2 protein chains.
Amino acid sequence: MSTPSHPPHEASPKRQAIVAAAARLFMADGYGKTSMDAIAREAAVSKATLYAHFASKDQLFATIVGDACGRIALQDGTFDTGVTDMRAALASIGERLLRFLLAAETQAIQRMVIAESQRFPELGAAFLAVGPQTFLSHLAEWLAAQSAAGRIRIADPAVAADQFGALLRPLLFLRALLSVPPAPSEAEILANVDAAVSLFLAACAARSEA
Amino acid sequence: MSTPSHPPHEASPKRQAIVAAAARLFMADGYGKTSMDAIAREAAVSKATLYAHFASKDQLFATIVGDACGRIALQDGTFDTGVTDMRAALASIGERLLRFLLAAETQAIQRMVIAESQRFPELGAAFLAVGPQTFLSHLAEWLAAQSAAGRIRIADPAVAADQFGALLRPLLFLRALLSVPPAPSEAEILANVDAAVSLFLAACAARSEA
DNA sequence: GTCTATAGGCCGATAGAC
DNA sequence: GTCTATCGGCCTATAGAC
């Protein structure tokens with residue numbers, strides 16, 4: 001993140017193996033339980049090689065999480081421009097967001113960043129910037145456009161985007177983040193999206209304030 | 001949690017010192033970075049005494065987090081029965097919830113439980129039960145009563161409670177959980193509560209469905 | 001750059017005296 | 001129950017040969 005750290009080639013095969021192994025283990029077991037020995041073993045590389053590519057466990061962790069945050073930003077953030085049915089458009093955006101938030105890799109990253117954000121202060125800020133804030137600013141822009149086109153009534157697009165996003169982190173999302181079974185079912189996901197869209201649209205149809 | 005574990009007196013002074021020290025250190029540094037040596041030092045007790053009261057680091061951690069979860073449940077869950085102004089009532093409930101979610105101890109517990117919920121499966125379930133689920137079931141009951149009294153229109157109180165709760169975990173809440181400065185200001189807190197109440201009420205005034 | 005081998009330290013947990 | 005002292009192990013990181 002702060003230190004790109006490519007002393008050898010960025011695309012060195014061993015380096016790629018190390019990154020892949022570290023990502024898998026950090027996400028599965030967290031920072032504390034993952035040892036450099038285990039990463040070296042998983043990557044089929046000696047520990048010395050590992051340390052030739054990454055100066056410390058901290059730096060390796062920061063690199064892995066930074067990469068993962070970058071991957072989040074690459075998620076298709078396109079919002080339809082030729083909208084006619086607001087309910088369908090919001091349902092589509094909401095469903096994509098909720099499914100993304102519940103995906104295994106996203107959940108793993110969230111747990112890691114929340115767990116270590118105090119020890120690695122840049123991590124939380126980086127995640128927030130490339131994840132939630134990027135998504136919300138795109139959504140706010142889109143909402144503003146829909147509002148300007150008269151398809152919805154929104155006073156403050158930024159606030160509205162934040163609220164729509166929050167509605168897609170209901171108890172279902174908490175349950176998943178806390179690893180409490182059962183895993184979210186298809187029906188639950190769709191019901192939560194529908195409820196979020198309904199509440200949001202009902203409010204926007206009814207009022208002109210924020 | 002599962003193992004009450006009081007071999008000596010539950011209220012033994014040394015035991016209390018251990019619990020206090022462990023709670024402070026676990027919440028500040030997390031499970032991995034907190035050592036039994038540090039806890040013993042902080043509690044002014046030998047490590048052998050520590051192990052006389054708690055069989056292992058895991059068990060001590062589970063006890064501390066279980067206690068903390070129990071303390072959450074003790075939060076004043078009273079909802080006004082003699083309500084006239086729904087906006088004021090919801091604002092009061094919302095403000096108490098958001099301030100609670102942002103409190104330092106609550107944040108520390110959330111980080112710990114999210115971080116270790118995979119290694120300690122009972123932890124996530126216990127937290128969910130005594131925290132969010134207890135609150136939401138009380139809120140749902142209260143909303144049902146208000147709906148029955150004709151002060152609001154709610155089809156599914158459980159869904160509505162979940163949504164009101166979700167609206168009180170906006171970006172502001174994420175920022176705090178990720179330890180990203182600045183700390184939430186008074187104005188931000190009140191603005192977020194007001195926005196949540198406005199959206200919720202506008203939707204409930206406008207529709208009869210969920 | 002990559003290996004084998006190991007330094008050096010801290011950790012969780014225990015033995016044994018009182 | 002509480003202490004002092006210590007074990008055995010695993011961890012991060014490095015030295016030195018190739």
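Every chain is numbered from 1 and lettered A, B, ... according to where its sequence line falls, protein lines coming before strand lines. What you see is a predicted model, and the numbers here were worked out from it, not measured in a lab.
Residue A/Leu101 forms a side-chain contact (heavy atoms from CB on, under 4.5 Å) with just one option from A/Gln110, A/Gln107, A/Arg96, and that option is A/Gln110.
Whole-Å rounding puts the B/Leu50 CG to C/dT14 P distance at 12 Å. Spacing between atom OH of B/Tyr51 and atom C1' of D/dC7 amounts to 13 Å, rounded to whole angstrom units. One can place OH of B/Tyr31 at 13 Å from P of C/dC11, the figure rounded to the nearest angstrom. Per the geometry, CZ belonging to B/Phe54 stands 12 Å off P belonging to D/dT2, to the nearest Å. Note: CD (A/Gln16) to P (C/dG1) measures 14 Å, nearest angstrom. In this structure, the CD1 atom of B/Ile18 is 15 Å from the C1' atom of C/dG12, given to the nearest Å. A/Lys33 has its NZ atom 12 Å from the P atom of D/dT12, to the nearest Å. Taking atom CG of A/Leu60 as the reference point, atom C1' of D/dC11 lies 15 Å away to the nearest angstrom.
Distances shown here put every side-chain N or O of A/Thr49 at or beyond 4.0 Å from the OP1 or OP2 atom of C/dG1.
Residues B/Leu97 and B/Phe135 meet the side-chain proximity criterion, which asks for heavy atoms closer than 4.5 Å.
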Report the C-alpha separation of B/Glu116 and B/Arg111 in whole Å, then their side-chain angles, then the decisive distance to 0.1 Å, and conclude whether the salt bridge (charged side-chain N to carboxylate O under 4.0 Å, His left out) test is met. CA-CA 9 Å; B/Glu116 307 296 337; B/Arg111 285 196 201 99; over 6 Å; no
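Taking the side chain of A/Lys14 as heavy atoms from C-beta on, and the options D/dT14, C/dC3, C/dG12, the nearest nucleotide is C/dC3.
Here the closest heavy-atom approach between residue A/Leu98 and residue A/Asn192 is recorded as CD2-CB, 4.1 Å.
By the ring-ring contact (aromatic ring centres under 6.0 Å, His included) test, B/Phe120 pairs with B/Tyr31, B/Phe61, sequence neighbours left out.
Contacts with DNA chain D (heavy atom under 4.0 Å) in residues 36-48 of chain A: A/Met36, A/Asp37, A/Lys47, A/Ala48, listed by number.
Under 4.0 Å is where a charged nitrogen must lie from a carboxylate oxygen, and between A/Asp162 and B/Arg169 no such pair does.
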